[in-house]
Structures are given as C-alpha cells and as structure tokens.
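Letters A, B, ... are given to chains in the order of the sequence lines, protein chains preceding strands, and every chain is numbered from 1. Just so you know, these numbers use all the heavy atoms, side chains as well, and skip hydrogens, waters and symmetry mates.
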Amino acid sequence: MRVPLFHLGYTLDSGQVFRWQRDGEWWRGVVGRRSLRLRQEDGELVVQGDADEAFLRRYFRLDDDLEAIYADISRDEDIAAVIDRFRGLRLIRQEVWECSASYLLASYANVPRIKMMIESVCRTYGARLPDGRYAFPTPEELAEGGDIAACRLGYRADWLRCYARSVRDGEFDLDKLKGLDYESSVRYLKTVRGIGDKVADCIALFSLDHLQACPVDVRIARAMKERYGVSGSYKKVSEHARRHFGRYAGYAQEYLYLAEDRAQKKASTASSPGTRTPAP
DNA sequence: AACCAGGTCTCGA
DNA sequence: TCGAGACCTGGT
C-alpha cells in the first residue's frame with residue numbers, strides 16, 4: 001500500500017510497542033490477534049499477514065497530518081532539529097486493553113525485559129495463532145488462566161491479575177474510559193493499582209487519542225532538563241512540556257524519546273569496547 | 001559486579 | 001501536596 005510521510009523503522013523502534021522485532025528487511029509483530037510482517041520501500045508499505053489497508057492506516061495514524069503537527073510543535077530550534085532527524089516517526093494507535101495491560105507491566109523495567117514479560121504473558125494465556133505466535137490475552141483469559149509465576153513479572157503479577165479481573169467484571173469500564181477527556185481519563189486510570197502518572201499518560205497518548213499527554217520517563221526527564229532546564233516532580237515537568245509544545249505535546253515527546261534513546265545506545269556502545277579482560 | 005530500567009506505592013511532614 | 005525509600009527481575 002502507498003503511504004504518506006512515514007518511517008516504519010523509527011515508528012516501531014521508538015519504545016511505543018513491545019511485540020515487534022526487526023527481521024532483516026522485515027518487521028515481524030503481533031497486534032491483538034493479527035500476526036504481521038511489514039517492510040517499507042520508500043512510499044510503499046509491503047504487507048504480509050491478515051491486515052487490511054484500513055487497519056494499518058488507523059494503527060499507524062496515517063491520517064495524522066505530520067507536516068501540520070511539525071509546524072505546531074516546532075516551538076524552538078532544538079525540537080525542530082530532532083524532528084528533522086527523525087522525520088516520519090508516527091505515534092501508534094493501540095487498542096486500549098492491550099496498551100493498558102502492557103504499560104502496567106512496563107514500570108521500572110527496560111524495554112528488552114518488558115518485551116520478554118509480554119511475550120511470556122501471551123504464551124501463557126493468549127490464543128495460539130496459525131503461524132505459532134500468540135495473541136495478546138483477553139481480560140477473561142488472563143483472569144481465569146493458570147500460573148502467573150512462570151511469567152516472571154515480579155511484583156507486577158498481582159497488578160496485572162487484579163486489573164484483568166476488574167475489567168472482566170466490568171468494575172473498570174474500558175468503554176467508559178474511551179469517552180472521557182484527557183484529565184478525566186488519567187484520573188480514572190490512576191484508580192487502578194499499578195497505574196500511576198506515567199503509565200496513565202502512556203495509555204492516554206497511545207490508545208485514547210489524547211495527543212496532549214506527555215509521558216515523562218527517565219529519558220524525557222533528562223531531555224527536558226538538558227534542553228529546557230526543567231526538572232522536578234512528574235507534574236511539573238509534564239505540565240511544562242504540555243504548555244511548551246501545545247496540543248500535540250505527545251508527538252514532541254516521542255521524537256525526544258527516540259533521540260535520547262539513540263544517544264544513549266551510541267554512548268554505551270562507545271564506552272564498552274567489545275570484550276574486556278578481567279582484572280588479575 | 002554494581003548500577004539501572006517507558007514507575008508505583010506507602011508513609012511522614 | 002511533596003519528597004524519600006523500598007521494590008521483583010534481568011539487561012548492560
């Protein structure tokens with residue numbers, strides 16, 4: 001399918017989603033119960049698997065007018081340069097249950113481990129797909145399934161089981177959540193054990209279309225301090241970012257995240273020169 | 001081998 | 001409302 005301004009690699013490698021992996025020129029991933037392979041050739045997205053054009057257009061937010069968003073969030077030279085470097089990075093529109101359950105697990109863990117935990121949860125509770133991969137489990141499957149200890153979730157295990165039961169029982173209402181504005185949705189999300197400021201913002205941004213949400217993790221905190229001299233509480237930094245970047249602050253946040261991520265990876269590979277001989 | 005990670009919870013001021 | 005400390009576990 002033909003796509004507008006879009007960079008598949010930046011988009012799938014920006015820490016938004018946890019079930020995609022690079023496989024040569026292809027990206028392999030599972031979204032809900034669809035197993036997919038994607039490859040980009042300039043303005044063409046090559047698709048293998050059960051995804052129609054409408055689904056991908058929605059998932060990758062291809063209808064967002066990126067140039068208009070760039071114009072809106074380019075409030076200073078610094079962010080403009082970052083945007084220019086990662087042009088085509090898009091936010092991904094995730095399904096609410098999968099997004100919220102995934103980010104519930106994401107607290108205080110690094111991306112490789114988050115991917116492991118989620119893969120483990122899918123293998124343990126999710127439906128097996130024709131190609132051998134596993135769908136993300138439904139709240140019912142997760143609430144009623146067997147041993148969660150094998151998933152190695154640590155203290156997140158109880159959070160996830162409780163959340164799944166709560167959604168299954170209708171105590172936490174995902175349809176109600178979808179109807180709330182940004183502030184109300186964050187307030188409602190934070191009633192869930194394990195969902196705090198940061199995770200609530202991730203869910204609001206990645207699955208509820210609240211593009212002003214600005215999740216602040218350690219990289220964004222670092223970026224906001226180094227680039228704008230802003231530090232302090234979550235509320236302070238997040239609100240400053242939202243005021244500074246405006247109604248698409250979440251987009252600005254994602255570009256900063258990828259820039260910080262790349263900078264950190266580059267620094268760590270430079271400082272560890274391959275094999276090191278142990279001290280005598 | 002320490003330190004850190006897409007943080008949250010609890011508790012005391 | 002805010003800051004401080006604890007926390008499962010695996011990567012780096």
Show the distances under 3.5 angstrom between N or O atoms of the protein and N or O atoms of nucleotides 10-13 of chain B.
unit_1, atom_1, unit_2, atom_2, d
B:dT10, OP1, A:Arg193, NH1, 3.1

Give a yes-or-no answer on whether the side chains of [X] and [Y] include a donor-acceptor pair shorter than 3.5 Å.
| X | Y | answer |
| --- | --- | --- |
| A:Tyr59 | A:Arg93 | no |
| A:Asp173 | A:Tyr188 | no |
| A:Asp181 | A:His210 | no |
| A:Tyr70 | A:Tyr255 | yes |
| A:Asp201 | A:Tyr103 | no |

Would you call A:Lys178-A:Asp175 a salt bridge at under 4.0 Å N-O? yes
Salt-bridge criterion met for A:Glu260 and A:Arg262 (N-O under 4.0 Å):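 Result for this pair is no, no salt bridge flagged.
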Within the 4.0 Å heavy-atom criterion, would you say A:Ser102 contacts the bases, only the backbone, or no part of the nucleic acid? nothing
Just call it for A:Glu260: base, sugar-phosphate, or nothing, with non-hydrogen atoms closer than 4.0 Å on any strand.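 The residue A:Glu260 makes no contact with any strand.
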Between C:dT12 and B:dG7, how far apart are the two P atoms, rounded to whole Å? 15 Å
Selection from C:dG11, C:dT9, B:dT8 that lies nearest to any side-chain heavy atom of A:Arg152: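 Output: C:dT9.
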Ring-on-base stacking B:dT8 with A:Tyr108 (under 5.5 Å, under 30°): no
Test side chain to side chain contact (heavy atoms under 4.5 Å, CB included) applied to A:Tyr134 and A:Val30, step by step: CA-CA 8 Å; A:Tyr134 289 85; A:Val30 182; over 6 Å; no
With pairs taken as Watson-Crick or G-U wobble and both distances under 3.5 angstrom, which stems of at least three consecutive pairs involve DNA chain B?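 The stems that DNA chain B takes part in, listed by first number, are B:2-5 with C:9-12, B:7-13 with C:1-7.
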